[in-house]
A.B. asks: 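Encoded as structure tokens, here's the structure I'll be asking about.
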Number of protein chains: 2
Amino acid sequence: MDELSDKPFSDLAGFLRSCNVTPTAQRIQIARILFAKNAHYSAEDLYIAVNTTEPRVSKATVYNTLGAFVREGLIKEVLVDSSKVFYDSNTTPHQHLYDLDTGEIQDIGPDQITLQQLPMLPAGKCLDSVEVVVKVRKQ
Amino acid sequence: MDELSDKPFSDLAGFLRSCNVTPTAQRIQIARILFAKNAHYSAEDLYIAVNTTEPRVSKATVYNTLGAFVREGLIKEVLVDSSKVFYDSNTTPHQHLYDLDTGEIQDIGPDQITLQQLPMLPAGKCLDSVEVVVKVRKQ
DNA sequence: CTAACTGCAAACGTTTTGCAACTTT
DNA sequence: AAAGTTGCAAAACGTTTGCAGTTAG
């Protein structure tokens, strides 16, 4: 499950270029962390993780880069907590389980949840995505 | 669908009292707007709506009141947009359809969507809720 | 009378922006 | 060279908090 999927870990620069994202040292650094494994990072998490090594990356660049990655579909926003956004490097179809006590986010594979019927969409609209969050807490 | 359900529109003070919420002029005013119909308000929406009439209600009180109402289960938070929280006066089981272009939120009745299978919950955890957001955009 | 609530303004944490210097193409 | 990106600090945004004064029970 938490394996690296189709992200070219060896040629991140080329990968970013192929995604309409100009590769810079900072963006490659951020991509390296983001695509090392499937995980859910807040902007702050990434800001800290990225600054344990050179090159230094500013907060503005972390936000700009995450914005660019989301815009180009390299990562996805996860809305489970009202106080901050999480970024998910797993872009394959899946859902989330959120632990209200610990704040932990876990993936739910498409085989573990089944949506049988969808509502009729408004006229002139198409489906963008279906997001399911299963919230759990201690018994 | 958007009918007033079981909220006692006539005796809001008594209703609030029965929900462990001390009824004050401000809270009754907020409740009046919130429970007039099933709708999705941001804190700012409510702050504006509540201040078209007496008594004046401060932003702090709007937030405190919404917090109290959520804590006591009178309303529910809806997370569809990363930039702000929406508050839903419909507490019956239902899901949401979110229009990415307009920001509009619509209810999806339990008859319009079917979740067939849920993942196994972590040990020692119980289900709190399952939130589904169907996101649509223009074709 | 006491506990709870209110308004205000200040503080908070997250995210965005303006701009001059610097890379990428 | 032109276009795009970076860092910094400042600003903006939604939301929370501290506190003196007010209201509910």
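We name chains A, B, ... by the order of the sequence lines, and we start the count at 1 in each one. Worth knowing before you read on, the calculation uses all heavy atoms, side chains too, and leaves out hydrogens, waters and symmetry mates.
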A.B. asks: To the nearest angstrom, how far is Asn20(A) atom CG from dT5(D) atom P?
C.D. replies: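 It is 11 Å, rounded to the nearest whole Å.
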A.B. asks: Looking at the side chain of Ala60(B), which of dC8(D), dG7(C), dT6(D) is the nearest nucleotide?
C.D. replies: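 Nucleotide nearest to Ala60(B)'s side chain: dG7(C).
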A.B. asks: Rounded to the Å, how far apart are Tyr63(B) OH and dT16(D) C1'?
C.D. replies: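 From Tyr63(B) OH to dT16(D) C1': 9 Å.
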A.B. asks: Quick check: do Val134(B) and Ile108(B) have side-chain heavy atoms less than 4.5 Å from each other?
C.D. replies: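 Val134(B) reaches Ile108(B) side chain to side chain.
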A.B. asks: For Leu66(B) and dT16(D), give me the distance from atom CG to atom C1', rounded to whole Å.
C.D. replies: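 Going from CG in Leu66(B) over to C1' in dT16(D) covers 13 Å.
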A.B. asks: How do Asn64(A) and Val85(B) order along DNA chain D: which one's closest nucleotide is nearer the 5' end?
C.D. replies: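 Counting from the 5' end, the first nearest nucleotide belongs to Asn64(A).
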A.B. asks: May I ask you to verify if any side-chain N or O of Thr24(A) is less than 4.0 angstrom from the OP1 or OP2 atom of dT6(D)?
C.D. replies: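 Yes, within the criterion.
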A.B. asks: Please assess Glu44(A) against Lys59(A) for the test side-chain contact (heavy atoms from CB on, under 4.5 Å), listing each intermediate value before the final yes or no.
C.D. replies: CA-CA 8 Å; Glu44(A) 182 70 19; Lys59(A) 230 159 205 183; 2.8 Å; yes
A.B. asks: For dT5(D), does either OP1 or OP2 sit under 4.0 Å from a side-chain N or O belonging to Arg27(A)?
C.D. replies: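 Yes, within the criterion.
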A.B. asks: On the nucleotide dT6(D), are OP1 or OP2 found under 4.0 Å from the side-chain N or O atoms that Arg56(A) carries?
C.D. replies: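 Answer no for this pair, as no side-chain N or O of Arg56(A) is under 4.0 Å from OP1 or OP2.
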A.B. asks: Nearest to the side chain of Pro23(A), heavy atoms from C-beta on, is which of dT25(C), dA24(D), dA9(C)?
C.D. replies: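 Ranking dT25(C), dA24(D), dA9(C) by closest atom to the Pro23(A) side chain puts dT25(C) first.
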A.B. asks: Closer to the 5' end of DNA chain D via nearest nucleotide, is it Ala25(B) or Ala43(B)?
C.D. replies: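 Mapping each residue to its closest nucleotide by heavy atoms, the 5'-most match is Ala43(B).
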A.B. asks: If you define the side chain from C-beta out and look only at heavy atoms, does anything of Leu46(A) sit under 4.5 Å from Leu34(A)?
C.D. replies: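 Counting from C-beta outward, Leu46(A) and Leu34(A) do come under 4.5 Å.
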A.B. asks: Nearest whole angstrom, please: distance from the P of dG4(D) to the CG of Leu16(A).
C.D. replies: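 Atom-to-atom, Leu16(A) to dG4(D), this comes out as 17 Å.
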A.B. asks: Return the value, rounded to whole Å, for the distance between atom NZ of Lys59(B) and atom C1' of dT6(C).
C.D. replies: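 Taking atom C1' of dT6(C) as the reference, NZ of Lys59(B) is at 16 Å.
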A.B. asks: Taking atom P of dT24(C) as reference, at what distance in whole Å does atom CD1 of Ile28(A) sit?
C.D. replies: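 It works out to 8 Å between those atoms.
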A.B. asks: Give the rounded distance in Å between these two atoms: CG of Leu79(B) and P of dT14(C).
C.D. replies: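 It works out to 16 Å between those atoms.
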A.B. asks: Which nucleotide, dG25(D), dT25(C), dG7(C), lies nearest any side-chain atom of Arg17(B)?
C.D. replies: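 Nearest listed nucleotide: dG25(D).
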A.B. asks: Tell me what Ser83(B) touches on the nucleic acid: a base, only sugar-phosphate, or nothing, going by heavy atoms under 4.0 Å.
C.D. replies: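 It contacts sugar-phosphate atoms only.
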A.B. asks: Are the side chain of Asp88(A) and the backbone N or O of Ile75(A) linked by a donor-acceptor pair below 3.5 Å?
C.D. replies: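 Checked: no pair found.
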A.B. asks: Is the shortest side-chain N/O distance from Thr61(B) to OP1 or OP2 of dG7(C) below 4.0 Å?
C.D. replies: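 For Thr61(B), the contact criterion (side-chain N or O under 4.0 Å from OP1 or OP2 of dG7(C)) is met.
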A.B. asks: For the side chain of Asn64(B) and the backbone of Thr61(B), is there at least one donor-acceptor N/O pair under 3.5 Å apart?
C.D. replies: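 Not at all, since once roles are kept as given, no pair shorter than 3.5 Å links the two residues.
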A.B. asks: Side chain of Lys84(B): nearest nucleotide among dT17(C), dT15(D), dG4(D)?
C.D. replies: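 Nearest to the side-chain atoms of Lys84(B), counting from C-beta on, is dT15(D).
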A.B. asks: Rounded to the nearest 0.5 Å, what's the gap from OG on Ser82(B) to NZ on Lys84(A)? Could you check?
C.D. replies: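 Output value for this atom pair is 14.0 Å.
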A.B. asks: When you measure from the side-chain N and O atoms of Gln26(A) to the phosphate of dG7(D), is any distance below 4.0 Å, counting only OP1 and OP2?
C.D. replies: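 Checking Gln26(A) against dG7(D): at least one side-chain N or O falls below 4.0 Å of OP1 or OP2.
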A.B. asks: Kindly point out which of dG7(C), dT5(D), dT17(C) is positioned nearest to the side chain of Thr22(A)?
C.D. replies: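 Nearest nucleotide to the side chain: dT5(D).
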A.B. asks: In whole angstrom, what separates Asp81(B)'s CG from dT14(C)'s C1'?
C.D. replies: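 Value for this atom pair: 14 Å.
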